[in-house]
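Side chains included, hydrogens not; waters and symmetry mates left out as well; all remaining heavy atoms used. Chain letters run A, B, ... following the sequence lines, proteins first and then strands; every chain starts at 1.
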Amino acid sequence: MSDIVPSIIEIKHYLNQSIVLADVISIKLIIPSTQMLIPYALEKINAGFPSPAQDYIDKALDMNEHLIKNETATFIVKVASLSMLNAGIDIDDELIVDRSLDAKHGDIVVALIDNDFTVKRLMIDEKGQWLKAENPDYKNIYLQEGQELIIWGVVTCIIKMIRNKS
Amino acid sequence: MKHENKVFFLIDVNNMYVSCERVFDPSLNNKPVIVLSNNDGCAVARSNESKALGIKMGVPLFQIKDIVKQHNVIVLSSNYAMYAEMSRRFHKILASHVTGEEVEPYSIDECFVDFTAYEKHFDLEKVGQEMRQQIWKWLGLPVCVGIGRSKTESKIANHIAKKNPGFNSVCDLVSMDPCNKEYYFAQIDASEVWGVGRKHSKKLQSMGINTVLDLACAEPREMQKKFSIVMARTIYELQGISCIEIEHTPPSKKQIVASRSFGGRVTELTDLKEAISMYAQDACKRLRDEELLCGCMIAFVQSNPFDPNVPFYNKSITGSFSEPTDCAIDFVKAATRMLNDIYKEGIKYKKCGVVLTCLEPKSGHTYDLLTDFAHIEKKEYLMKAMDGIHSKFGKKKISVGPCFVPNRNWSMSRDKLSRNPFKWGELLKIYN
């Protein structure tokens, strides 16, 4: 409940602003949590005034719902390699990995080779399965005799913090 | 209630803690690994490789020092936060196969599923294999599945699946040929049966009952006279007659225990007081989460029971509250005062803790006439404020006394703690 209160003030603020940017279609309250809490207390305080929150609560965006399709099989990992830089994956980016998905040709996957983690693009062709690095400075991984490729999970999303990267 | 046509699954994660560690650190695969109890005392989980080296469940680390060194056994501290999250997911996946009424999370790594309603439409063994593969794929955890006409039978089926690789981790006693079933029952010691244990096995042996088959063939009513209704029920269950239902709501707690061993040896009263005040607050938090009041508190201290050079010191004291309470200040005050009475100088303490008993639902408590409600209300506001701070800023931000100041003399040692991949600061890192 207490999390929502400041957002309400923000909304009021937004409502008073005239929207000039053409690509902003609507502004919605974002609650980055799967728990949508309805601010009962707030309505009490505002008794007599129509609560501006009421119209907006059901339009709230839930980031978990948006980014995670299968919560029980989803893990988040942090990248410490530049080998997928050209696919947009940089050091310290976080990846959302869904283990319930079947990896297809072209998917970016977290995989195990000789019990070591790696993130690469999965390629399936006449040579069989191999892992493609998306950075010319890094080598692709072709399986050696006796080596096994284990798909740990399929990457569905990159979380890239573009400000305050500390 | 007896039912002859029920179907139960028991799904159980193999070596849960070790398997969880391996999901996030595959370099542990195929190596002997053990996970230690709180404070790195005893081995509470062992990989199959460690079991093969003869490391027994619950053995103190110092007793297996040589094996650990000789075979490069990897020793880890227990990472309960991580295991709990994996456990939640494990139970959630299983719950998705049936309705909420039909699952019973039995422990952190075991789950009963009542599949009776769906039996006709499915090949049970295939369902078991699908569950196993799903949990393996989604979570990376290996499980065994036992299927039987009763909970007890599903437990035995699980045991059979674990011990006999030919079953491919799923054993279905419902569809098994009776002759085969007898063969497997005859191989398993009666003490392995759920609810029997070592306590009764001596008496059973004296009656010529050694194996599960012997027990299943016993006459339940006769056995009820010699043991109890529980034994009779167990026998019915082994005969495929279900007597124990899925339990949905765990009975409300009878007691809350908060204790831990110390990282180092503690000798000073002030250190003990700090430690016990933290355990009292832990216990209080759990009490409040369950919305209970506590009428009685036990405080205890112990020296190291494994130290052969000094006698084991183990003392406890009980105190009751004039009014049942759920206020941390009351608990800390009581625990530290009680400690004065059981503290003895010159002892190297290894463990202390509190037990809260005489619990009752907060909603159902009747206060007596002389209760000072203003005082109770004041305490409740204070506790609400503390709870609020804890949930908003974390548990360690405010406490009664200095117990959350880091690096106390008594802090837990968890030298080999793995990271918790479910925390933003400790995510699994991929270097390649």
Kindly check if the number of other-residue, nucleotide or ligand heavy atoms within 6.0 Å of CD (B/Glu291) is above 12?
no

With heavy-atom distances below 4.5 Å as the criterion, would you say the side chains of B/Pro26 and A/Phe117 are in contact?
yes

Does any backbone or side-chain atom of A/Asp102 lie under 4.5 Å from a heavy atom of chain B? Answer side chain, backbone, both or neither.
both

Most contacts with chain B, counted as non-hydrogen pairs under 4.5 angstrom, among A/Thr74, A/Val77, A/Leu112:
A/Val77

So with a 6.0 Å cut-off around OH of B/Tyr381, is the heavy-atom count from everything else above 12?
no

Less than 4.5 Å to any heavy atom of chain B: does that hold for the side chain of A/Asp114, its backbone, both, or neither?
neither

Give, for atom CD1 of A/Ile151 and atom NZ of B/Lys137, the distance between the pair rounded to the nearest 0.5 Å.
9.0 Å

Considering only heavy atoms and a distance below 4.5 Å, find which of A/Val110, A/Leu101, A/Thr118 pairs most often with chain B.
A/Thr118

Among B/Met86, B/Arg88, B/Glu85, B/Arg22, single out the residue with the greatest number of heavy-atom pairs under 4.5 Å to chain A.
B/Arg88

Has B/Lys285 got more than 12 heavy atoms of other residues, nucleotides or ligands less than 6.0 Å from its NZ?
no

Taking A/Trp152 for its side chain and B/Val23 for its backbone only, find out whether a donor-acceptor pair lies under 3.5 Å.
yes

Interface residues of residues 122-136 of chain B facing chain A - non-hydrogen atoms under 4.5 Å apart:
B/Trp136

Quick one: of B/Pro421, B/Gly140, B/Gly388, B/Ser96, who has the most non-hydrogen atom pairs under 4.5 Å with chain A?
B/Gly140

Should we say atom NZ of A/Lys127 is surrounded by more than 12 heavy atoms from elsewhere, each under 6.0 Å from it?
yes

For chain A, which residues from residues 422-432 of chain B lie under 4.5 Å away (heavy-atom distances)?
B/Phe422, B/Trp424, B/Leu427, B/Leu428, B/Lys429, B/Ile430, B/Tyr431, B/Asn432

For A/Ser100, which atoms come within 4.5 Å of any heavy atom of chain B: side chain, backbone, both, or neither?
both

For B/Lys51, does the NZ atom have more than 12 heavy-atom neighbours from other residues, nucleotides or ligands under 6.0 Å away?
yes

To the nearest 0.5 Å, tell me how far B/Lys92 NZ sits from A/Glu71 CD.
4.0 Å

Roughly how far apart are B/Leu139 CG and A/Thr72 OG1, rounded to 0.5 Å?
7.0 Å

